[in-house]
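Letters A, B, ... are given to chains in the order of the sequence lines, protein chains preceding strands, and every chain is numbered from 1.
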Amino acid sequence: MSSTEQPSAPTNFIRNRIRQEVAEGRYQRVITRFPPEPNGYLHIGHAKSIVLNFAMAEEFAGYTNLRFDDTNPEREEQRYIDAIREDVAWLGYRWENECYASDYFETLYEYALHLIDQGLAYVDSQDAETIRIQRGTLTEPGTDSPFRARSGEENRDLYERMRAGEFPDGAHVLRARIDMASPNINLRDPVIYRIRHQAHPRTGDAWCIYPSYDFAHGQSDAIEHITHSLCTLEFEDHRPLYDWLVEHLPVPSRPHQIEFARLNIDFTVLSKRRLTRLVEEGHVDGWDDPRMPTLAGLRRRGFTPESIRNFCTEIGVTKSESVIPFGVLERNLRDDLNVRAPRRMAVLRPLKVVLTNFPEGEVEWLEAANHPQDPGQGNRQVPISREIWIEQDDFLEQAPRKFFRLKPGGEVRLRNAFIIRCDEVIKDAAGNVVELRCSFDPESRSGQPGADRKVKGTIHWVSAEHGVKAEVRLYDRLFRVPNPSADKEVDFVDHINPDSLETLNEAWLEPGLEKAAPDDFCQFERLGYFVPDPASRPDQPIFNRAVTLRDTWARLEQALKSG
RNA sequence: UGGGAUGUCGCCAAGUUGGUUAAGGCACGGGGUUUUGAUCCCCGCAUUCGCAGGUUCGAAUCCUGCCAUCCCAGCCA
């Protein structure tokens with residue numbers, strides 16, 4: 001199976017519903033939209049929505065629009081628009097139209113006038129606090145605003161003057177006249193236009209009144225002939241309002257809103273508000289910090305678009321709220337990279353080994369497969385010399401029973417090379433192991449007749465003479481607890497894991513790796529998948545660890561320790 | 001205590017116009033292959049569908065009641 005192939009998509013209630021509708025002839029094709037507000041970066045939760053929207057449109061012969069829901073100029077910025085476009089494209093999707101709710105401001109303004117003329121909207125001249133009190137509570141109905149009975153002419157006049165800029169922020173709002181006693185609070189005369197003397201990233205100073213989400217969204221859907229407006233569960237209560245507006249306005253089509261559960265992943269936060277705080281308060285190094293669950297962060301961490309799409313498909317779409325273990329995301333990356341990533345050798349925490357019977361000054365070039373299961377990836381030549389680096393973890397003076405790596409007097413195979421035996425352990429004054437003296441068995445060299453001699457373990461290495469020094473960054477979960485936002489009494493930033501980033505400054509890479517580019521992912525054998533950081537330079541390579549390999553030994557070791 | 005929604009194996013999730021033994025994936029356990037303790041390959045893994053009643057020849061699927069969890073009182077989206 002190729003990694004880029006999507007696993008057979010599990011069916012879900014939305015697809016089933018659309019299938020049914022198409023079978024009944026209600027739709028010839030499905031048109032969806034992905035509607036981000038440009039006030040932050042996209043995260044993995046958005047990816048779920050993107051994948052769903054594009055998948056439904058593709059399956060049912062339609063297309064998807066990218067629509068920026070830019071109705072609140074106070075928090076929206078052009079840089080977010082740019083970042084969002086880049087992320088959606090990076091994920092591998094091409095939108096049919098790039099739209100902006102702000103493109104429809106004139107039409108929306110007229111729709112509001114239409115409501116006014118129908119007696120279905122009025123200008124309320126009370127302040128926000130008063131309106132809030134009049135809205136009632138969850139258990140008590142609201143009370144009518146004294147302005148609810150304003151005449152059509154007066155409403156029209158006031159609304160036109162709101163647009164003309166005659167009033168300061170907050171002086172008036174336009175409200176839909178629905179039902180102040182509705183058990184659904186969204187129907188208690190929701191505000192649909194407010195005054196904001198605020199420049200907009202796209203319309204500049206053309207407007208000083210802006211439509212609310214509820215007034216803009218459904219109408220934008222209708223204008224674009226969106227058939228299915230997919231959104232998250234918290235908008236379920238808004239559907240009656242969505243429907244009410246679309247039914248009372250002269251819109252060109254009749255879209256339908258369907259809600260699904262948003263994505264939750266443990267040990268992270270997936271809300272723009274919180275992610276924004278992490279960035280603005282400097283808890284992380286920007287929106288693309290590799291520990292961030294943003295698409296930009298995951299990309300820098302080394303995630304592939306394929307792995308993210310596969311993940312989104314695998315988790316399914318339902319209305320029940322669930323929490324996906326972060327490990328599921330990681331496994332999808334491994335599954336993808338396992339079949340694609342070229343194998344390389346790198347030593348993260350070096351321990352010097354001198355091969356005592358290896359001629360001084362000599363270099364041997366060994367043939368190494370770039371991928372053990374995919375001969376098509378070819379081979380490369382790796383140099384070895386008298387002194388090499390091995391991983392500190394791969395030597396233990398007091399080795400437990402099932403430790404298959406190097407120990408005093410023991411043998412181990414050097415990956416792609418030969419078997420060595422540890423003859424001597426050199427320590428410093430403090431008793432730390434600083435060097436090993438080993439002898440190698442020339443007969444066991446790869447390709448030689450003696451190569452099939454079995455030893456328990458195989459370890460990776462890098463020639464000391466040829467190795468390239470590099471910085472390697474290891475990432476761990478950003479939070480220490482499964483649900484950082486669970487406790488209302490505790491600020492989620494207090495749960496940040498102080499050890500989420502470990503920087504190793506003395507790693508050694510096999511030669512050639514220093515020239516890798518940020519999208520040249522590879523597997524450091526036995527360690528994990530790594531990718532050069534965008535700041536990496538040939539003379540100063542920096543690699544990020546995207547994910548470790550599955551490590552049953554670590555688990556076993558852990559189990560042994562805990563009894 | 002109003003309204004809206006959800007509850008199927010440790011985590012996801014099919015199935016819900018009632019009908020043989022409740023899909024699949026992940027995780028987990030066991031075995032095999034292996035110059036990555038990786039990958040890969042086999043095998044195992046819910047007499048039970050939030051709980052309690054009821055209807056029925058037959059219910060995860062229908063009815064009643066209860067319980068748990070989530071969302072809603074922004075001129076945010």
In B/S/- notation (B base, S sugar-phosphate only, - none; protein heavy atoms under 4.0 Å), nucleotides 36-43 of chain B written 5' to 3' is BBBB----
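For the pair A/Ile209 CD1 and B/rC75 P, the computed distance is 16 Å after rounding to whole Å. One can place CG of A/Asn310 at 14 Å from C1' of B/rC26, the figure rounded to the nearest angstrom. A/Leu187 has its CG atom 18 Å from the P atom of B/rG2, to the nearest Å. Going from atom CD of A/Glu37 over to atom C1' of B/rC76 covers 7 Å, rounded to whole Å. A/Leu241 places its CG atom 12 Å from the P atom of B/rC75, with the value rounded to the nearest Å. Protein atom CD1 of A/Ile258 is 14 Å distant from nucleotide atom P of B/rA5, rounded to whole Å. Atom CG in A/Asp452 sits about 11 Å away from atom P in B/rU34, given to the nearest Å. In this structure, A/Arg75 places its CZ atom 13 Å from C1' of B/rC75, rounding to the nearest Å.
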Base-pair string, RNA chain B, Watson-Crick plus G-U, cut-off 3.5 Å on both distances, | for inter-strand, is .(((((((.[[[..)...(....]]].(((((.......))))).....[[[[[..)....]]]]])))))).....
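Under 4.0 angstrom from either OP1 or OP2 of B/rA27 there lies no side-chain N or O belonging to A/Arg555. Regarding contacts with the backbone of B/rG74, every side-chain N or O of A/Arg194 stays at 4.0 angstrom or more from both OP1 and OP2.
A heavy atom lying under 4.0 Å from RNA chain B marks none of the residues of residues 264-274 of chain A. Using a 4.0 Å cut-off on heavy atoms, the residues of residues 130-141 of chain A that approach RNA chain B are A/Ile131, A/Arg132, A/Arg135, A/Gly136, A/Thr137, A/Leu138, A/Thr139, listed by number.
In this structure, the ring pair (Phe, Tyr, Trp, His ring centres under 6.0 Å) partners of A/His238, at least two apart in sequence or on a different chain, are A/Phe235. For the ring pair (Phe, Tyr, Trp, His ring centres under 6.0 Å) test, no residue two or more places apart in sequence or in another chain qualifies with A/Tyr242. In this structure A/Glu236 satisfies the salt bridge (Lys or Arg N to Asp or Glu O under 4.0 Å) test together with A/Lys319, sequence neighbours excluded. By the salt bridge (Lys or Arg N to Asp or Glu O under 4.0 Å) test, A/Arg334 pairs with no residue at all, sequence neighbours left out. By the ring pair (Phe, Tyr, Trp, His ring centres under 6.0 Å) test, A/Trp508 is found to be paired with A/Trp389, residues two or more places apart in sequence or in another chain being considered. Listed by chain and residue number, nothing satisfies the ring pair (Phe, Tyr, Trp, His ring centres under 6.0 Å) test with A/Phe326 (two or more places apart in sequence, or in another chain). Applying the salt bridge (Lys or Arg N to Asp or Glu O under 4.0 Å) test to A/Arg135 and every residue at least two apart in sequence or in another chain returns nothing.
Residue-level contact check: A/Asn39 touches neither bases nor backbone, having no heavy atom under 4.0 Å from any strand. Backbone-only engagement by A/Asn72 is indicated by non-hydrogen atom pairs under 4.0 Å involving sugar-phosphate atoms exclusively. Within 4.0 Å of A/Tyr210, counting heavy atoms only, lies no atom of the nucleic acid at all. Using a 4.0 Å heavy-atom criterion, one finds that A/Asp127 contacts the bases of the nucleic acid, with or without backbone contacts as well. Using a 4.0 Å heavy-atom distance criterion, A/His238 is classed as a base contact. Nucleic acid contact for A/Val191: sugar-phosphate only, since backbone atoms but no base atoms lie under 4.0 Å from a heavy atom of the residue. No contact: A/Ser182 has no heavy atom under 4.0 Å from any strand. Heavy atoms of A/Gln126 sit under 4.0 angstrom from at least one base atom. Heavy atoms of A/Ala417 sit under 4.0 angstrom from at least one base atom.
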Listing time: all N or O pairs from protein to nucleotides 10-15 of chain B that are below 3.5 Å?
residue	atom	partner	partner atom	Å
B/rC11	O3'	A/Val323	O	3.4
B/rC11	O2'	A/Val323	O	3.4
B/rC12	OP1	A/Val323	N	3.0
B/rC12	OP1	A/Val323	O	3.4
B/rC12	O2'	A/Ile315	O	3.0
B/rA13	OP1	A/Thr318	OG1	2.8
B/rG15	OP1	A/Asn16	OD1	2.9

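Separating the C1' atom of B/rC40 from that of B/rU36 is a span of 13 Å, rounded to the nearest Å. Taking atom P on both nucleotides, B/rG58 is separated from B/rG15 by 26 Å, rounded to a whole Å. With both ends at atom P, the span from B/rA13 to B/rG50 equals 14 Å, rounded to whole Å. For the P atom pair drawn from B/rA52 and B/rA68, the interatomic distance equals 16 Å after rounding to whole Å. B/rC45 and B/rG7 are spaced 26 Å apart, taking the P atom of each and rounding to whole Å. With both ends at atom C1', the span from B/rC71 to B/rG54 equals 32 Å, rounded to whole Å. Rounded to whole Å, the separation between the P atoms of B/rG25 and B/rC62 comes to 28 Å. Distance noted for atom C1' between B/rC9 and B/rA14: 14 Å (whole Å).
One finds no salt bridge joining A/Arg344 and A/Glu525 here, because no Lys/Arg side-chain nitrogen approaches an Asp/Glu carboxylate oxygen to under 4.0 Å. Using a 4.0 Å cut-off between charged side-chain N and carboxylate O, A/Arg340 and A/Glu306 make a salt bridge.
For the pair A/Ile178 and A/Asp189, the tightest heavy-atom approach, listed with the atom from each and the gap, is N-OD1, 2.7 Å.
Judged by the 6.0 Å and 45° rule, A/Arg194 forms no cation-pi pair with A/Tyr210.
A ring-centre distance under 6.0 Å is found for A/Tyr159 and A/Tyr193.
Put simply, the residue from A/His460, A/Arg349, A/Arg405 that forms a side-chain hydrogen bond (donor to acceptor under 3.5 Å, both in side chains) with A/Glu391 is A/His460.
In this structure, a donor-acceptor pair under 3.5 Å is present between the side chains of A/Ser125 and A/His172.
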